[in-house]
Amino acid sequence: MSSLWAGEMPVAIHFNKRTHRNDELRAQHAGQSAILVGWVNSYRDHGGMVFIDLRDRGGITQVKFNPETDPKAHALARSLRNEDCVAVEGRVGLRGENVNPKLPTGEIEVEARALDVLSKSDATPFEIDDFTKANEDLRLQYRFLDLRRPSMQRVLRLRHDISKAVRDYFDQEGFLEIETPFLTKSTPEGARDYLVPSRLQPGHFYALPQSPQLFKQLFMVAGCDRYAQIVRCFRDEDLRADRQPEFTQIDLEMSFVDMDDVMTAVEGCVAAMFRAGRNIEVERPFPRVRFAEAVDRFGIDRPDTRFGLELTDVTEIVRGTEFKVFSGAIEAGGVAKCLCVKAAEGADKLTRKITDGLSEELKGIGAGGLPVTKVVEGQDGTELATGVAKFVQPVRDALCERVGAEPGDVMFFAAGPYNDVCKFLHHARTRLIEILQLKPSKPWELLWVVDFPMFEWDEQEQRYYSTHHPFTSPRDEDVALLDTDPAKVRAKAYDLVLNGTEMAGGSIRIHRRDIQQKVFKLLGISDEEAKEKFEFLMEALRFGPPPHGGIAFGLDRWVMLLADKESLRDVIAYPKTQRAVCPLTGAPGPVATGQLEELGIDLRPEVWAKLEQRPSGPDQHVHRKHDE
RNA sequence: GGGGCCGUAGCUCAAUUGGCUAGAGUACCGGACUGUCGAUCCGGUGGUUGAGGGUUCGAAUCCCUUCGGCCUCGCCA
């Protein structure tokens with residue numbers, strides 16, 4: 001290579017015989033000889049002495065080139081640039097007074113006797129370190145460089161450690177890891193499917209699995225007893241920071257169990273993940289909260305209970321007030337709830353600007369606004385000031401007593417249908433926690449939400465939907481209600497919530513065919529439809545299915561939280577952008593028309609038109625009408 | 001599909017009310033320097049201000065269209 005020292009043959013170092021990784025050498029190794037490989041993280045050329053920081057996936061070791069002792073290696077070292085891939089042979093030396101306390105290997109350096117440039121690097125599009133920031137789009141386009149950064153390497157390692165802990169745990173607990181197909185059948189309910197056209201049967205499509213739900217239930221019918229898999233799932237819906245079109249689930253199913261058995265198994269798995277990821281021992285069992293209570297107190301079925309700001313029902317107190325927003329909503333069958341910010345929580349920071357801003361935000365999600373009032377110390381005791389004060393003044397004492405409000409506090413209200421009120425105040429609560437920068441009572445809070453209703457009534461479509469999914473079992477004591485009052489039936493379902501984020505959801509499944517049929521009927525799924533869509537499950541239920549249940553949790557989200565990252569993209573090696581594009585590969589891309597023909601697929605005229613409009617870049621293959 | 005933020009040198013950013021040759025740090029190139037460690041010092045290259053159109057004597061700045069990225073609602077376990 002021309003970049004090698006002119007006239008010299010490259011020094012042949014047996015790079016495949018490296019002796020250490022770059023985070024391993026310590027003072028105790030002083031005097032030993034070592035072969036290291038890696039990338040040039042930085043170089044410092046003093047004219048005389050040359051230093052390079054050599055990086056591999058584990059860490060950094062300083063290498064010293066001395067012109068007096070090793071002129072050849074030194075001369076070559078002067079040509080090194082960032083991200084060159086090199087091998088170094090030398091002696092481990094103590095740094096004496098020049099110890100670098102920032103590096104674990106800072107007590108030593110490798111005094112190079114020989115240097116081999118394995119390959120040169122062009123100037124990188126961004127610098128490979130944790131100091132400089134680069135546009136995320138660029139990072140994803142050059143993900144192989146982005147992943148060289150120590151912080152990304154740490155994430156990959158963390159993810160590996162967590163996955164391994166999960167596998168070890170399930171192995172130990174007697175679970176079998178069995179793979180399920182990716183080319184499978186489209187399921188009717190749930191998210192939009194990713195479809196894969198069939199060549200052998202034109203006009204037919206496989207769907208990529210949204211989850212292995214049915215397959216794992218069949219494993220139970222098959223007598224596998226305990227199944228667990230770390231498996232990729234696919235959902236063709238719009239992306240978010242915490243949502244990718246393909247994501248990884250920890251999926252499990254168990255036979256001859258009830259809710260407690262599954263929950264205990266999951267708690268063990270979560271404990272193993274925390275141990276592996278953060279070296280934290282979590283307290284078990286996790287507390288449980290009933291769905292109805294969670295929604296009542298926090299407005300949401302996945303509450304973050306580490307903060308105060310609980311909701312209080314004030315329907316009866318404000319029922320008769322002059323304020324139409326309250327009285328009208330209540331007369332129409334709605335409720336009124338109050339969220340009280342205590343003085344100690346920083347209620348005085350809630351300026352008019354902030355409360356107005358919150359009100360606007362709430363209008364954005366369908367609220368009429370966010371009525372507010374302040375509790376103040378007046379001449380004759382506690383009084384209300386500003387906002388809706390004059391309307392609620394007549395019920396002031398009852399209101400303050402009910403809510404526990406004291407001078408200095410600020411009260412927010414919402415009135416209307418129960419679900420709306422909860423939704424609005426949950427939003428307000430979440431934002432207030434951010435705005436007031438409230439400190440959580442503890443860093444991690446794991447809790448179970450249980451006793452979900454089986455069904456939710458859809459007012460618009462006048463039909464029931466499954467809260468969980470159609471195979472979820474009702475609680476034994478509620479089975480009779482299926483015939484009389486379906487809305488009251490509680491499900492054997494459980495969600496695991498971490499710091500206000502749903503991290504896992506599962507249920508005990510229906511293992512009796514008659515109950516499954518009854519549930520389908522309630523959901524408006526006809527016998528023919530059930531047979532068509534879930535034929536194999538319905539068939540399986542004929543042949544002695546065991547009582548069973550399971551759960552699935554999103555591995556990506558767990559890694560994200562344990563890695564203190566705010567985006568799933570930071571914990572997935574090759575993630576997609578918001579438009580579900582992979583900047584690295586350019587996927588999705590067009591294909592040759594021949595491929596489409598084989599599949600019996602033709603693009604619609606308007607799709608063609610759009611494709612032809614698009615400026616085709618140098619590396620972009622547009623569908624060609626004539627095959628190449 | 002709706003709302004919001006953003007796009008200027010390889011990278012991260014600046015550019016006052018629409019006004020002088022669009023600047024800085026870093027990277028890169030050249031030079032100096034024997035203990036640095038996000039090395040330092042001196043010098044240099046580098047710009048279709050995402051793209052297209054418009055308003056104007058004059059546009060990075062204002063308007064329209066479009067492409068791309070992020071956040072979010074809808075959607076989604």
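The analysis underlying the following values was restricted to heavy atoms, covering all of them including side chains, and did not include hydrogens, waters or symmetry mates.
Scanning atom types as modelled, no donor and acceptor separated by under 3.5 angstrom connect the side chain of A/Asp137 and the base of B/G69.
Using Watson-Crick or G-U wobble geometry with both donor-acceptor distances under 3.5 Å, B/U40 finds its partner in B/A32. With a 3.5 Å ceiling on both atom-pair distances, B/A14 lacks any Watson-Crick or G-U wobble partner. Base pairing analysis places B/G19 opposite B/C57; the two distances defining the Watson-Crick or G-U wobble pair are each below 3.5 Å. In this entry B/C76 has no Watson-Crick or G-U wobble partner, no candidate having both defining distances under 3.5 Å. Here B/U49 sits opposite no nucleotide as a Watson-Crick or G-U wobble pair (both hydrogen-bonding atom distances under 3.5 Å).
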Counting primed atoms plus P, OP1 and OP2 as sugar-phosphate and everything else as base, spell out the protein contacts along nucleotides 71-77 of chain B at 4.0 Å heavy-atom distance: B, S or - for each nucleotide, 5' to 3'. BBBBBBB
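In this structure, the CD atom of A/Glu111 is 19 Å from the P atom of B/C37, given to the nearest Å. One atom, CG of A/Leu54, and another, C1' of B/C37, lie 14 Å apart when rounded to the nearest Å. Atom pair A/Met49:CE and B/C37:P shows a separation of 14 Å (rounding to whole Å applied). Between the CG atom of A/Leu140 and the C1' atom of B/C70 there is a distance of 11 Å, given to the nearest Å. Rounded to whole Å, atom P of B/G35 lies 11 Å from atom CG of A/Asp45. Look at OH on A/Tyr43: it is 13 Å from C1' on B/G38, rounded to the nearest Å. The CG-P distance, from A/Asn82 to B/G38, rounds to 13 Å in whole Å. Taking atom CZ of A/Phe126 as the reference point, atom C1' of B/C11 lies 9 Å away to the nearest angstrom.
Rounded to whole Å, the C1' atom of B/U45 lies 30 Å from the corresponding atom of B/G69. Only the C1' atoms considered, B/U40 is 9 Å distant from B/U36, to the nearest whole Å. Rounded to the nearest Å, the gap between the P atom of B/U26 and that of B/U17 is 29 Å. Taking atom P on both B/G1 and B/C20, the two are 41 Å apart, rounded to the nearest angstrom. Distance check on atom P: B/G38 versus B/G30 gives 24 Å, rounded to whole Å. Here, B/G25 and B/A9 have their C1' atoms 12 Å apart, quoted to the whole Å.
Comparing B/C33, B/C28, B/G35 by their closest approach to the side chain of A/Phe51 singles out B/G35. The side chain of A/Pro125 sits closest to B/G10 out of B/G10, B/G69, B/C33. Among the nucleotides B/U12, B/G69, B/A39, the one closest to any side-chain atom of A/Arg579 is B/G69. Checking B/C29, B/G69, B/C37 against the side-chain heavy atoms of A/Arg44 singles out B/C37 as nearest. The side chain of A/Lys64 approaches B/G35 more closely than any other nucleotide in the set B/G35, B/C37, B/G69.
At distances below 3.5 Å, at least one donor-acceptor pair connects side-chain atoms of A/Arg192 with backbone N or O atoms of A/Asp236. When atom types are taken as modelled, the side chain of A/His29 and the backbone of A/Arg26 share a donor-acceptor pair closer than 3.5 angstrom. Judged by distance alone, the side chain of A/Arg149 and the main-chain N or O of A/Asp129 form a donor-acceptor pair under 3.5 Å.
Applying the salt bridge (charged side-chain N to carboxylate O under 4.0 Å, His left out) rule to A/Arg509 yields the partners A/Glu253; only residues at least two apart in sequence or on another chain are considered. In terms of the ring-ring contact (aromatic ring centres under 6.0 Å, His included) criterion, A/Phe298 has no residue partners (sequence neighbours excluded). Under the rule for a salt bridge (charged side-chain N to carboxylate O under 4.0 Å, His left out), the partners of A/Arg143 that lie at least two apart in sequence or sit in another chain are A/Asp146.
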Filtered N/O pairs between nucleotides 22-25 of chain B and protein, under 3.5 Å:
none

Show me the protein contacts with nucleotides 48-51 of chain B, counting only N or O atoms at under 3.5 Å.
none

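Distances shown here put every side-chain N or O of A/Arg139 at or beyond 4.0 Å from the OP1 or OP2 atom of B/G69. Between A/Lys102 and the phosphate of B/G38, there is a side-chain N or O to OP1/OP2 separation shorter than 4.0 Å. In this model, the phosphate group of B/G35 is approached by a side-chain N or O of A/His46 to a distance below 4.0 Å at OP1 or OP2. Neither OP1 nor OP2 of B/C37 sits under 4.0 Å from any side-chain N or O of A/Ser42.
Of all the heavy atoms in A/Arg235 and A/Ser211, the pair that sits closest is NH2-CB, 4.0 Å.
No side-chain donor-acceptor contact under 3.5 Å links A/Asn66 and A/Glu111.
Judged by the 6.0 Å distance and 45° axis criteria, A/Arg148 is not positioned over the aromatic ring of A/Phe144.
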Would you check, one step at a time, whether the test salt bridge (charged side-chain N to carboxylate O under 4.0 Å, His left out) holds for A/Lys216 with A/Asp251? CA-CA 9 Å; A/Lys216 69 176 175 178; A/Asp251 191 48; 2.7 Å; yes
Salt bridge (charged side-chain N to carboxylate O under 4.0 Å, His left out) evaluation trace for A/Glu136 with A/Arg139: CA-CA 5 Å; A/Glu136 192 177 13; A/Arg139 286 173 52 202; 5.1 Å; no
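Residue contacts for A/Arg55: at a heavy-atom cut-off of 4.0 Å it reaches no nucleic acid atom on any strand shown. Looking at heavy-atom distances under 4.0 Å, A/Glu109 makes contact with a base. Heavy atoms of A/Leu138 sit under 4.0 angstrom from primed sugar atoms or phosphate atoms, though from no base atom. Among the atoms of the strands shown, none is found under 4.0 Å from any heavy atom of A/Asp236.
Aromatic ring pairs are classed by plane angle as parallel below 30°, tilted from 30° to 60° and perpendicular above 60°; the pair A/Phe471 and A/His469 is tilted.
With ring centers used as reference points, A/Phe51 lies 6.0 Å or more from A/Phe65.
Residues A/Thr184 and A/Phe215 meet the side-chain proximity criterion, which asks for heavy atoms closer than 4.5 Å. Residues A/Ile128 and A/Glu83 are in side-chain contact: their nearest non-hydrogen atoms beyond the backbone lie under 4.5 Å apart.
Sequence order on RNA chain B of the closest nucleotides to A/Pro67 and A/Leu103 puts A/Pro67 first from the 5' end.
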